[in-house]
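Okay, structure first, notes after.
Note that the structure is a prediction, hence the values are computed from the model and not measured. Quick note: numbers below take in every heavy atom, side chains included, and nothing from hydrogens, waters or symmetry partners. Positions are given from 1, in the same order as the sequence printed here.
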Amino acid sequence: MRSPELPTPRGELSKSVLSTLAYSTPLPAWSHEVQEADPYGDDLHLALYVLYELHYRGFAEVSDEREWDPGLLGLRRALELRFTEALRSDVPLEPDVEVEKVLAALLVEPVGHDDTSVSHHLQRDGELWQLKEYAALRSLYHLKEADPHAWVIPRLHGRAKAAMVAIEYDEFGAGREDQIHARLFADLMADLGLRTDYGHYVDAAPAEVLATVNLMSLLGLHRALRGALVGHFAAVEVTSSPGSRRLATALRRVGAGPAAQRFYDEHVEADAVHEQVVRRDVIGGLLESEPELEPDVAFGILATGFLEDRLGARLLDAWRGRRSALRVPLTGDEEGAPHA
């Protein structure tokens with residue numbers, strides 16, 4: 001398994017992290033930069049993404065020992081606090097919030113076309129180059145699909161743990177390597193003419209993409225946030241089936257190959273079942289044993305929606321303006337956005 005190369009820095013914070021990892025230079029003082037950083041900005045989220053990746057596949061030429069480097073962990077914690085404080089402010093919870101009501105709101109499909117929805121846009125108006133950009137951006141998660149959520153398994157017990165393991169078993173191919181969902185997404189990318197290397201498109205991904213991926217890692221790595229991770233997982237599963245149906249339709253409409261269509265077809269069926277198991281057994285089991293975590297579960301759901309809405313606005317603004325949504329547009333055989 002080949003680890004990805006280190007990405008290109010986007011500011012002083014990410015430059016410090018990358019220089020420390022690449023050249024083993026001392027980590028400079030960072031408290032002022034963290035306090036002044038945009039909590040949703042490129043610099044903070046690239047730095048956080050790189051630090052989280054040390055817990056996944058790491059990076060080429062970077063020692064595995066750096067995963068537990070005390071200086072890097074201290075910086076990571078400061079970046080996490082800056083991010084979570086912003087989320088807590090922007091995603092306020094109603095008193096006595098009820099998870100079932102929050103979930104029910106996700107199940108309401110709009111009447112007609114939703115102008116704020118990426119999957120609705122791609123189903124109706126999306127072009128092949130936009131679907132390629134979407135796949136490139138989503139690859140930062142889908143090539144490690146379900147990995148961040150696996151961290152919650154040892155923090156659950158009883159009915160919630162059994163149900164979570166059952167869903168993750170499906171995500172990891174039910175014992176078959178060729179059915180692992182990350183493998184299916186790599187096949188989708190190959191069908192679209194994209195590179196399938198893990199982490200290849202990180203330099204192309206704007207902060208809005210990195211934030212959605214970082215949220216999963218943040219929630220997964222902190223036991224105290226186990227309820228929020230379950231909420232995040234629920235949000236993903238509840239919204240996946242209808243969104244996947246629209247994306248499968250979009251891929252057929254633009255003439256994408258069978259492997260590209262298969263990934264979303266698989267999610268239409270699988271996630272419709274997963275949604276019920278998550279609501280009934282994962283969330284139900286967790287709140288039965290730890291009812292005090294209900295606000296955390298709700299926060300995980302709402303924070304996921306908040307960051308996805310920010311990403312959707314970024315993508316749609318670019319595509320409707322006939323511009324690439326990527327920081328580094330696709331080129332050559334990948335056939336990126338039309339030239340301006």
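Side chains of Ser324 and Glu133: a donor on one and an acceptor on the other come within 3.5 Å. Checking Tyr264 against Thr249 by side-chain atom types alone, no donor-acceptor pair falls below 3.5 Å. Glu127 and Trp319 share no donor-acceptor pair across their side chains, judged by distance under 3.5 Å alone. For the residue pair His200 and Glu5, no side-chain donor N or O sits within less than 3.5 Å of a side-chain acceptor on the partner. Side-chain contact check for Gln130 and His121: at least one donor-acceptor pair (N or O, by modelled atom type) lies under 3.5 Å.
Tyr141 places a side-chain N or O within 3.5 Å of a backbone atom of Ala146 that can act as its donor or acceptor partner. A donor-acceptor contact shorter than 3.5 Å is absent between the side chain of His149 and the backbone of Met216. A distance-only check finds a donor-acceptor pair linking the side chain of Arg82 to the backbone of Ala37 [under 3.5 Å]. At distances below 3.5 Å, not a single donor-acceptor pair connects side-chain atoms of Ser89 with backbone N or O atoms of Glu85. Using a distance-only test at 3.5 Å, with no hydrogens or angles considered, a donor-acceptor pair links the side chain of Asp191 to the main chain of Ala259. Thr84 contributes a side-chain N or O that, together with a main-chain N or O of Leu81, makes up a donor-acceptor pair within less than 3.5 Å. Looking at Arg327, its side chain does come within 3.5 Å of a backbone N or O of Asp203 through a donor-acceptor pair. At least one donor-acceptor pair under 3.5 Å links the side chain of Tyr169 to the backbone N or O of Ala174. In terms of modelled atom types and a separation under 3.5 Å, the side chain of Ser289 and the main chain of Gly285 share a donor-acceptor contact. Counting only distance, with no hydrogens or angles, the side chain of Asn214 and the backbone of His45 share a donor-acceptor pair below 3.5 Å.
Looking at His181 and Asp170, their side chains never come closer than 4.5 Å, going by heavy atoms from C-beta outward. Between Leu286 and Val282, the closest side-chain pair of non-hydrogen atoms is not below 4.5 Å. Contact check for Phe59 versus Pro4: side-chain heavy atoms found under the 4.5 Å cut-off. Counting heavy atoms from C-beta outward, His222 and Arg77 have side chains that approach closer than 4.5 Å. The closest side-chain heavy-atom distance from Lys144 to Glu53 is below 4.5 Å. The shortest side-chain heavy-atom distance between Val277 and Asp281 falls under the 4.5 Å cut-off. Side-chain contact check for Arg138 versus Leu311: some heavy-atom pair is nearer than 4.5 Å. Put simply, the side chain of Asp317 reaches to within 4.5 Å of the side chain of Arg323, judged on heavy atoms.
Here the straight-line distance linking atom CG of Leu73 with atom CG of Leu51 works out to 8.0 Å at 0.5 Å rounding. To the nearest 0.5 Å, the span separating CZ on Phe83 from CG on Leu218 amounts to 6.5 Å. The distance from atom CG of Leu302 to atom CG of Leu93, rounded to the nearest 0.5 Å, is 6.0 Å. The distance from the CG atom of Leu215 to the CG atom of Leu48 is 10.0 Å, given to the nearest 0.5 Å. Glu36 CD to Leu13 CG: the interatomic distance, rounded to the nearest 0.5 Å, is 11.0 Å. A distance of 5.5 Å separates CG of Leu330 from OH of Tyr201, quoted to the nearest 0.5 Å.
Less than 6.0 angstrom separates the ring centroid of Phe263 from the ring centroid of His267. Between Phe306 and Tyr40, a ring centre-to-centre spacing shorter than 6.0 Å is recorded.
Contact record, Arg253 with Asp125: NH2-C, 3.7 Å, taken as the closest heavy-atom pair. Of all non-hydrogen atoms in Leu44 and Pro39, the two that sit nearest each other are CD2-O, 3.9 Å. Of all non-hydrogen atoms in Phe172 and Glu145, the two that sit nearest each other are CE2-O, 3.6 Å. The two residues Leu122 and Ala250 make their nearest non-hydrogen contact at O-CB, 3.2 Å. Contact record, Asp43 with Ser14: OD1-OG, 2.7 Å, taken as the closest heavy-atom pair. Taking all atoms of both residues into account, the shortest heavy-atom contact from Leu192 to Ala256 is CD2-CB, 4.0 Å.
A salt bridge does not link Arg262 to Asp265: none of the charged side-chain nitrogens sits closer than 4.0 Å to a carboxylate oxygen. By the 4.0 Å N-to-carboxylate-O rule, Arg226 lies close enough to Glu290 to be salt-bridged with it.
Linking ILVMFWY residues whenever their side-chain heavy atoms come closer than 4.5 Å, directly or via other members, leaves Ile180 and Tyr56 in distinct clusters. When the side chains of ILVMFWY residues are joined at heavy-atom separations under 4.5 Å, either directly or via intervening members, Val328 and Leu140 end up in two distinct hydrophobic clusters.
No more than 12 heavy atoms of other residues, nucleotides or ligands shown are found within 6.0 angstrom of CD on Glu65. Heavy atoms from other residues, nucleotides or ligands lying under 6.0 Å from CZ of Arg223 number 12 at most. The environment of CG in Asp178 is crowded: more than 12 heavy-atom neighbours from other residues, nucleotides or ligands sit within 6.0 Å. Atom NZ of Lys15 is surrounded by 12 or fewer heavy atoms from other residues, nucleotides or ligands within 6.0 Å.
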Between Leu247 and Gln123, does the side chain to side chain contact (heavy atoms under 4.5 Å, CB included) criterion hold? Intermediate values first, please.
CA-CA 6 Å; Leu247 290 167; Gln123 178 187 37; over 6 Å; no
Steps toward side chain to side chain contact (heavy atoms under 4.5 Å, CB included) verdict (Arg66, Leu72)
CA-CA 8 Å; Arg66 303 308 297 276; Leu72 293 174; 3.9 Å; yes
Could you go step by step and tell me if Leu315 and Leu137 meet the side chain to side chain contact (heavy atoms under 4.5 Å, CB included) rule?
CA-CA 10 Å; Leu315 298 180; Leu137 294 175; 3.5 Å; yes
Candidate pair Ser139 and Phe185, rule side chain to side chain contact (heavy atoms under 4.5 Å, CB included), full reasoning:
CA-CA 8 Å; Ser139 70; Phe185 196 80; 3.8 Å; yes
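For the pair Arg57 and Tyr198, the distance from NZ or CZ to the six-membered ring centre is under 6.0 Å and the angle to the ring normal is within 45 degrees. For the pair Arg76 and Tyr52, the cation-pi criterion (under 6.0 Å, within 45° of the ring axis) is not fulfilled.
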